[in-house]
There are 2 protein chains.
Amino acid sequence: MKEAFISLDEKRQYEILAAAMGEFAEHGFTKASTNRIVKRAGMSKGMLYYYFESKRTLFDDALDFALVHIENHMLDGIASEKEGFIERCARLSHIKYRYFMAHPAISQFITSVYFSDDLNEEQKLRNEALIENREQILFDNLDLTRFRDDIDHRTAVKLIAWTISGYTREMEHMMKTEGMAFSRFDAYFDEFDHYLDAMRKLYYKEEYQ
Amino acid sequence: MKEAFISLDEKRQYEILAAAMGEFAEHGFTKASTNRIVKRAGMSKGMLYYYFESKRTLFDDALDFALVHIENHMLDGIASEKEGFIERCARLSHIKYRYFMAHPAISQFITSVYFSDDLNEEQKLRNEALIENREQILFDNLDLTRFRDDIDHRTAVKLIAWTISGYTREMEHMMKTEGMAFSRFDAYFDEFDHYLDAMRKLYYKEEYQ
DNA sequence: AATGCAATTGACCAGGGTGGTCAATAAAAG
DNA sequence: CTTTTATTGACCACCCTGGTCAATTGCATT
């Protein structure tokens, strides 16, 4: 990250880093191609090395950018008031989903990094901290009394988390293959609410359904 | 697939195709490397082209082999007797899991093919037929009366399927990262049974729990 | 108009990997 | 001993890689 890049306006910086993150997310560090990155970003090969020292530091800087960006943009509005686990999951899904729509490259980059091995120690630690932070947000300050008494809380939490992850995964797959129209998003969330209602009926005491 | 390959004993044929399928599964058709395939299979580059016409026909033959193999080996013992949806999912998970353990390369190959685009029309149709067949096995001849009356059957079926897919996905991820010891498989299935019991309590009428 | 500096290009490099070939062998069969 | 089959790996032309750099363009200041 040389001064030339820093003195670019924010929008252009974002474009370039997004191009890099998209490429890294798709191919991983080693098989990612700097040639494809410059093509995505709409610039010449020379500029990439005018802005960054090497492919490696480009990756590092992109990861830095992504982690900071997520910290600043996604983790707000999550001030965890007391709520049931289903409501918590639903709210976080909405937040995650909106963030993904607004910043797909960052989301995919961070997701791919989660499964990859080409991080240095410091990056691994930071990434783990992020994951732990997310866990905390997911589980902190829950109202667990809403659960039926005849089912173990920990079990219920696990089952619900798996269910929602399965649902969102299916939706992601559908959107990828069928290219869901933007107008259908409302239907997507209506459907989601329907399933949330059903889950409340299954997992919660009557007074909370 | 030349005669030379066909006159090989079955075991060696399997080894070679498994090597190819593993490589294709990991990298997709284009980025799969014939050099790595021969290394995996423990033979020389020349032999590959002594056995197969080209990389493309190798892929085609491997897919053929995989589809036939699955039809013959996995889809037995699934004679769908009347049972609840949870029991059905559990049984199919067991079958799928055993098959994965016995034939990981085939499993991963077929899974990867499901997400890839480099199939010709005939292969796409065959693959879709396989998927449809699986759906039928999953949903045919179910005892839906076991479900609680206050929850829609279709909704319940969806929720359960997502839950189980979430669980197995988490297990797969754990096994990949931590390299689950084979001795722990019993524990894996004990845990699985625990969650199945919980799900019965949630979704079924009392007399079926 | 002239100068100087920053931004920008893309041809170019050596290195490595690609799918595929083939003359040379080794092994087996006749 | 000869013929056929199995097997090797060096080799090919080609493509892509991360990275460099001389040359050019654009712009601001004199």
Side-chain angles (χ1 to χ4, degrees), chain A residues 1-63 109 112 116-120, chain B residues 1-63 109 112 116-120:
Chain A
M1 210 141 144
K2 306 180 185 173
E3 328 83 59
F5 183 75
I6 295 167
S7 61
L8 246 46
D9 63 302
E10 255 182 68
K11 202 184 149 215
R12 184 66 185 139
Q13 283 190 27
Y14 182 92
E15 282 174 12
I16 292 168
L17 289 176
M21 290 187 284
E23 175 74 13
F24 286 133
E26 271 181 44
H27 302 282
F29 176 75
T30 310
K31 285 193 277 184
S33 157
T34 52
N35 292 308
R36 282 194 297 258
I37 290 173
V38 300
K39 218 171 277 173
R40 279 177 191 237
M43 63 187 181
S44 71
K45 190 73 167 290
M47 284 315 283
L48 184 62
Y49 290 87
Y50 187 61
Y51 290 146
F52 300 92
E53 327 270 354
S54 70
K55 187 188 179 187
R56 182 78 232 175
T57 66
L58 169 61
F59 180 89
D60 293 347
D61 292 336
L63 184 52
F109 180 52
S112 76
S116 88
D117 295 325
D118 33 39
L119 298 189
N120 64 38
Chain B
M1 210 140 145
K2 306 179 182 172
E3 327 83 57
F5 182 76
I6 294 165
S7 62
L8 246 45
D9 64 301
E10 253 181 69
K11 203 185 148 215
R12 185 65 185 138
Q13 284 190 29
Y14 182 93
E15 282 174 12
I16 293 168
L17 288 176
M21 289 186 285
E23 175 73 13
F24 286 132
E26 270 181 44
H27 302 282
F29 176 75
T30 311
K31 285 192 277 182
S33 156
T34 53
N35 292 308
R36 280 194 299 257
I37 290 173
V38 300
K39 217 171 277 175
R40 279 177 190 235
M43 63 187 183
S44 68
K45 190 73 167 290
M47 286 314 284
L48 184 62
Y49 288 88
Y50 187 61
Y51 290 146
F52 300 93
E53 327 270 355
S54 69
K55 187 189 179 185
R56 182 78 232 177
T57 67
L58 169 61
F59 180 89
D60 293 348
D61 291 336
L63 184 52
F109 181 53
S112 76
S116 88
D117 296 326
D118 34 37
L119 299 188
N120 65 38

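Residue numbering restarts at 1 for every chain, and letters A, B, ... go by the order of the sequence lines.
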Does a side-chain heavy-atom distance below 4.5 Å link A:Ile16 with A:Ile37?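 No; the side chains remain at least 4.5 Å from each other.
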Test item: B:Arg36 and B:His27 side chains (from C-beta on) under 4.5 Å apart, heavy atoms: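 Yes. Closest side-chain heavy atoms under 4.5 Å.
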Does the B:Glu15 side chain pair with the main chain of B:Ala41, one donor and one acceptor, at a distance under 3.5 Å? no
Where the side chain of B:Lys45 meets the backbone of B:Thr34, is there a donor-acceptor pair that is under 3.5 Å apart? no
A:Lys45 vs B:Ser7, nearer the 5' end of DNA chain D by closest nucleotide: B:Ser7
If I take atom [atom1] in residue [X] and atom [atom2] in nucleotide [N], what distance separates them, rounded to the nearest angstrom?
X        : N      : atom1 : atom2 : result
B:Met47  : C:dG19 : CE    : C1'   : 18 Å
B:Asp118 : C:dG19 : CG    : P     : 13 Å
A:Asp9   : C:dA7  : CG    : P     : 13 Å
A:Glu3   : C:dC5  : CD    : C1'   : 14 Å
B:Met43  : D:dG9  : CE    : C1'   : 14 Å
A:Glu23  : D:dG18 : CD    : C1'   : 13 Å
A:Phe5   : C:dA6  : CZ    : C1'   : 17 Å
A:Arg12  : C:dA7  : CZ    : P     : 14 Å

Tell me whether the guanidinium CZ or amine NZ of A:Lys55 lies under 6.0 angstrom from the six-membered ring centre of A:Phe29 and within 45° of its axis.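 Yes, A:Lys55 sits over the ring of A:Phe29.
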Can you tell me if [X] touches the phosphate of [N], counting only side-chain N or O atoms and a distance under 4.0 Å to OP1 or OP2?
X       : N      : value
A:Tyr51 : C:dT8  : yes
B:Tyr50 : D:dA6  : yes
B:Tyr49 : C:dT21 : no

Nearest 0.5 Å, please: how far is CZ in B:Arg12 from CG in B:Leu17?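 The CZ atom of B:Arg12 is 10.5 Å from CG of B:Leu17, to the nearest 0.5 Å.
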Taking DNA chain D as the partner, which of residues 24-42 of chain A come within under 4.0 angstrom of it by heavy atom?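 Within residues 24-42 of chain A, the residues near DNA chain D are A:Ala32, A:Ser33, A:Thr34, A:Asn35, A:Arg36.
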Just do the ring-ring contact (aromatic ring centres under 6.0 Å, His included) check on B:Phe109 and B:Phe59 with the steps written out, would you? CA-CA 10 Å; B:Phe109 181 53; B:Phe59 180 89; 5.6 Å; yes
